[in-house]
Amino acid sequence: MNLPIYMDGHATTRVDPRVLAAMLPFFDEHYGNAASRHHRFGWDARDAVADARAAVAGLIGATARELVFTSGATESNNLALKGVADASRDRGNHVVTVQTEHRAVLDPCARLEQQGAEVSYLPVRSDGLLDPLELAAVITSKTVLVTVMMANNEIGVLQPVADLANVAQLRGVPFHTDAAQAAGKVPIDVSADGIDLLSLTAHKLYGPKGVGALFVRRGSRVTPIMDGGGHESGLRSGTLNVPAIVGFGRAAMLCTDEMVAEGTRLSRLRDRLWTGLQRSLSGVTVNGSMTARLPQSLNISVSGVNGEQLLLGLDEVAVSSGAACTSVHQEPSHVLRALGLGDAAVRASIRFGLGRFNTEAEVDYVVQKLSSLVTRLRNPVPVFELGDDDGNLPSGWCAESDGEID
Ligand SMILES: *Cc1c(COP(=O)(O)O)cnc(C)c1O
């Protein structure tokens, strides 16, 4: 077993070696521009992009023509929200979303509000799920888009998107979902689920960073947010990042092939982690529904301790916390607060994102390491390794942390 152990799979995932191998020739051998029509370099790149597009589309039950490559889920969300809002100005200016969305949805919503749109931020139940009846109650004749994430990036819960999309569809409103966390982990079928727009990113499913896609159902009205050479059917101009797209395609293909087996393996590992922690520690609770949940995801609160202390103490284990200092925004998790957790429980939260490369031995190590750390933190012995006699952390350490909880 090698240290440090990576269990922060919601933030990003390691590029699968098979993905890297597929990408490499597209840096030095097949380096053509996929838009070059008059030579083999261009054709090779174009064909590779076409294969990748088919593979990514296959992962979500879409057709290749309905897929627009972007730089990631942030851009896909921006294109979906701003693009649909702009194209629907003649119909209305009301957008519906949920309080627990990723900032890559909440911030575009805030921008739309600045520009005069009205946005409803629906609350969730204490298990993190949105009740479809809540959605039905806020849709008006002015509603132009409903956007609800498929899987939450902090607590891993799976929203009932098929039911929610159905509610939107009955009212003739397009339904968008940010599937950055769900894609490649659980089956998605945009047709069966009634989804009109869906955001993806490669780096959450063992592909490279900086490439993603937006599924746009044929017939949807979307205004581009980037103008230029008219690439991607005019919806997203800019020379395609061919090596990254090839990697995305390979990563999607691997997920399609291995999702079922991997989900079974990871949910067992996740349950082993949860059972192990419950057995060795009192006062641990799960945040979010334990049933409507990604197989590899666990978010807990550990009473009587602070998530920041946990992260510091677990120096050989990479995990995240909903505590303030781990976020760019320097404020405690808006997701955990939306579940109704108090400040202490938010601060005491810790997020595990298991993945393809985690092993049983690593889970057992983490259980043992975390339990002994928590026991030490709850029963402080006179020597406190970090901070002063009162247990205060060194001032200024927070400023060094970076990265959104994403
Ligand atoms: C990671 C993540 C994003 C941002 O994706 P990028 O590709 O990094 O821009 C958006 N939404 C969710 C739910 C995410 O987990």
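Ligands are counted one by one from 1 in listed order, and the atoms in each one are counted from 1 as well. The residues of the chain are indexed from 1 along the displayed sequence.
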### Task
List every atom of ligand 1 that sits less than 4.0 Å from any heavy atom of N153, numbering the atoms from 1 in the order shown and giving each element.
13 (C), 15 (O)

### Task
Answer yes or no: does an N/O atom from D178 fall short of 3.5 Å to an N/O atom of ligand 1?
yes

### Task
With the side chain counted from C-beta on, respond yes when Y206 and R18 share a heavy-atom pair under 4.5 Å apart, and no when they do not.
no

### Message
Do R270 and R293 have side chains that approach each other closer than 4.5 Å (heavy atoms only, starting at C-beta)?
### Response
yes

### Message
Side chain, backbone, both or neither: which applies to A180 and ligand 1 if a contact is any heavy-atom pair less than 4.0 Å apart?
### Response
side chain

### ligand 1-proximal atoms of T74, by part, heavy-atom distance under 4.0 Å
both

### Query
Can you find a pair of side-chain heavy atoms, one from H10 and one from S320, that are under 4.5 Å apart?
no

### Aromatic ring proximity Y31/F41, centre distance under 6.0 Å
yes

### Message
Can you confirm, on distance only, whether ligand 1 has an N/O atom lying under 3.5 Å from any N/O atom belonging to M149?
### Response
no

### Query
Going by heavy atoms in the side chains, are Y6 and R14 under 4.5 Å from each other?
no

### Query
Which of the atoms in ligand 1, numbered in the order shown and given with their element, are less than 4.0 Å from a heavy-atom of H203?
6 (P), 7 (O), 8 (O)

### Query
Can you check whether T201 has an N/O within less than 3.5 Å of an N/O in ligand 1?
yes

### Query
Can you tell if the side chain of V49 reaches within under 4.5 Å of the side chain of F69, non-hydrogen atoms only?
yes

#### Entry: Per atom 2 (C) of ligand 1, closest listed option by heavy atom (E101, R103, K204, E75)
K204

### Task
Any atoms of ligand 1 less than 4.0 Å from a non-hydrogen atom of G72? List them with their elements.
7 (O)

### Query
Is it true that the side chains of E66 and T63 contain a donor and an acceptor less than 3.5 Å apart?
yes

